[in-house]
Each structure stands twice: as C-alpha cells, then as structure tokens.
Amino acid sequence: MPHRKFNKLLRDFYNRPTLEICHDILGKYIIYNSSEGKLSAKIVEVEAYIAVNDPASHAYRGKTERNKPMFGNPGFSYVYFIYGMYHCFNFVTEPEGQAAAILLRGAEPEEGINFFRSNSKVVKDYQLLNGPGKFCRSFNINLVHNNIDLTGELIYFEDRNQKVKNIIESSRIGIKSGQEKLWRFYDNDSMAVSVKKNRNKVGV
DNA sequence: TGAATGATGCGCT
DNA sequence: GCGCATCATTCAT
C-alpha cells in the first residue's frame, strides 16, 4: 500500500480558533501544483484577522462580495488585490459563519525556485517570498486562486513534522487600527520573515 | 538605518 | 474621492 510520508492538512485543522492555527501553521509547507510544475515553501510568518472586534479585518463591517470567502467554510482561500498591483493570500479559519482568516506573510522557498526567480528581481532566495505581496508575485497567485478548497489537490498545506522553536508574537504590519493585538506570528530562526520588530520576547 | 514617496486599481463611504 | 493587510526606490540623518 502507498505510504503517505506527509500529511495534508484537512478540514479539522482549519475549523478551530484562529490564533491556535497561527501557531500551528508555522513550519508547515504550502504546496501548489501549478501549470508550471510543483511549487512548495515553508511557512514562517502569518497574521490573524478575526472580524469580531477587529476593525482591521476586511470582514469587520459585514459580508460583501469581496470578503465573503471569510464567512464561508474553513480551509478555503481568500485572495484579494491591493495597492493597485499586489495580491495577498489568506486561508479561512473558524466554523462557517464566523469570519476569520490568516494572511500568509512569509515563506522559505523549496521546490520551484527557478519559477519564483523568474517572477522576481530579488538577489537572495530568502527574499523571494518574504512579504505577502512578494509571496503572491513569486507564486503567480492572483484572483483566479480566490475561494478554492485547500483540502483539494491544487493548493494545500502539508505537515512534515517539523517543529518551530522560536515563535515571536508581534503587532501586525501596515494597519492603522487594532495595533494593540499581537496577532502576527513568525519563526524567529528564519531569514524569510518580512520584518523582525515589535517583538515581545527578549533576544536580539 | 530609517523615513518619505510614487506606482496603480479597486472597494467602499 | 479616499484609503488600502505593499514594495522598491529615494532622500535625510
């Protein structure tokens, strides 16, 4: 019988409290079986957006055509277009009806580095995916990838039993409201974190 | 080393 | 119209 070396994350993983998932998703791998071949990367930085009591969330003011994936089933993607030129990739958490999502902000390239490089002008490989806009640019992720089931075969996350030792919690980047919330989480041992600041843990 | 700014399109008030 | 879950470049210190 075929032995599954790595476990794909399924619905139960996403159907949980968002802040728990933020911790758990670090060190997992995102897999994208694109038309250009298999792409993969290790997740090292994320942010939580939980509509309840969070003015910074797109879903805070209720459901609209754009944000409706956030109100839907957990384990689906939510991709939006921002600043006239970038996309951001999120995945939906919490039970259906509770609007929440986690923004992918940083990852370490694994498979498909040549494809990532072809979409980018950066010098170092760890710079290919270190930012939400750069992640989507290198992966060539856009609105076509909005609201798709991440327990399917196209895009999904994989558990490779890797532990993340130093998780830092900090305030989120680039928002003006809700800054008191320490809802950004990153792997302090990774080079592919977009910015290392606002840490609430001692160390350099 | 950090602050300011331009690029650029769309959602929302 | 305004502002935005960004990035790369320019300018000031």
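Quick note on labels: first sequence line is chain A, next is B, and so on, each numbered from 1.
- A salt bridge is absent between A/K42 and A/E110: the closest approach of a Lys/Arg side-chain nitrogen to an acidic carboxylate oxygen does not fall below 4.0 angstrom.
- Taking atom OH of residue A/Y60 and atom P of nucleotide C/dC4, one finds them 15 Å apart after rounding to whole Å.
- Between A/R66 and C/dC4, a side-chain N or O to OP1/OP2 separation shorter than 4.0 Å is absent.
- For DNA chain C, the residues of residues 51-58 of chain A within the heavy-atom distance limit of 4.0 Å (strictly under) are A/A56, A/H58, sorted by number.
- If you check the side chains of A/K134 and A/N130, you find a donor sitting under 3.5 Å from an acceptor.
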Please tabulate, for side-chain N and O atoms in residues 174-182 of chain A, each donor-acceptor pair with protein atoms closer than 3.5 Å (sequence neighbours left out).
| from | atom 1 | to | atom 2 | distance (Å) |
| --- | --- | --- | --- | --- |
| A/Q179 | NE2 | A/I175 | O | 2.2 |
| A/K181 | NZ | A/N53 | O | 3.1 |

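- Here the P atom of nucleotide C/dC4 and the CG atom of A/N67 are 17 Å apart, to the nearest Å.
- The environment of A/R160 atom CZ is dense: over 12 non-hydrogen atoms of other residues, nucleotides or ligands sit within 6.0 angstrom.
- Contacts between residues 79-110 of chain A and DNA chain B, defined by a heavy-atom separation under 4.0 Å, are made by A/F81, A/Y83, A/G84, A/M85.
- Applying the 6.0 Å contact sphere to NZ of A/K68 captures no more than 12 heavy atoms from other residues, nucleotides or ligands.
- Results of the ring pair (Phe, Tyr, Trp, His ring centres under 6.0 Å) test with A/F91 over A/F76, A/F157, A/F13 single out A/F157 as the only residue that passes.
- No salt bridge links A/E158 with A/K8; every basic N to acidic carboxylate O contact stays at or beyond 4.0 Å.
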Practice task
Please step through salt bridge (charged side-chain N to carboxylate O under 4.0 Å, His left out) for the pair A/E111 and A/K38, ending with a clear verdict.
Solution key: CA-CA 7 Å; A/E111 294 177 80; A/K38 183 178 178 182; 3.6 Å; yes
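- Atoms CD (A/Q179) and P (C/dA5) sit 11 Å apart, rounded to a whole Å.
- Along DNA chain B, the stretch of nucleotides lying under 4.0 Å from any heavy atom of chain A spans, 5' to 3', B/dA7 to B/dT13.
- Stem analysis of DNA chain C (Watson-Crick or G-U pairs, both distances under 3.5 Å, runs of at least three) returns B:1-7 with C:6-12, B:9-12 with C:1-4.
- If you check the side chains of A/N166 and A/D189, you find a donor sitting under 3.5 Å from an acceptor.
- Listed by chain and number, the residues in a side chain to side chain donor-acceptor pair (under 3.5 Å) with A/Y78 are A/H58 (sequence neighbours excluded).
- With rounding to whole Å, A/M70 atom CE is found 10 Å from C/dA5 atom C1'.
- Using cut-offs of 30° and 60° on the angle between ring planes, the pair A/H145 and A/Y32 is perpendicular.
- Salt bridge status for A/D187 with A/K163: absent, with no side-chain N to carboxylate O gap under 4.0 Å.
- Contact check, A/K176 against C/dA5: no side-chain N or O comes under 4.0 Å of OP1 or OP2.
- Side-chain atoms of A/Q162 and A/Y29 include a donor-acceptor pair closer than 3.5 Å.
- In this structure, CD1 of A/I141 is placed 16 Å from C1' of C/dA5, rounded to the nearest angstrom.
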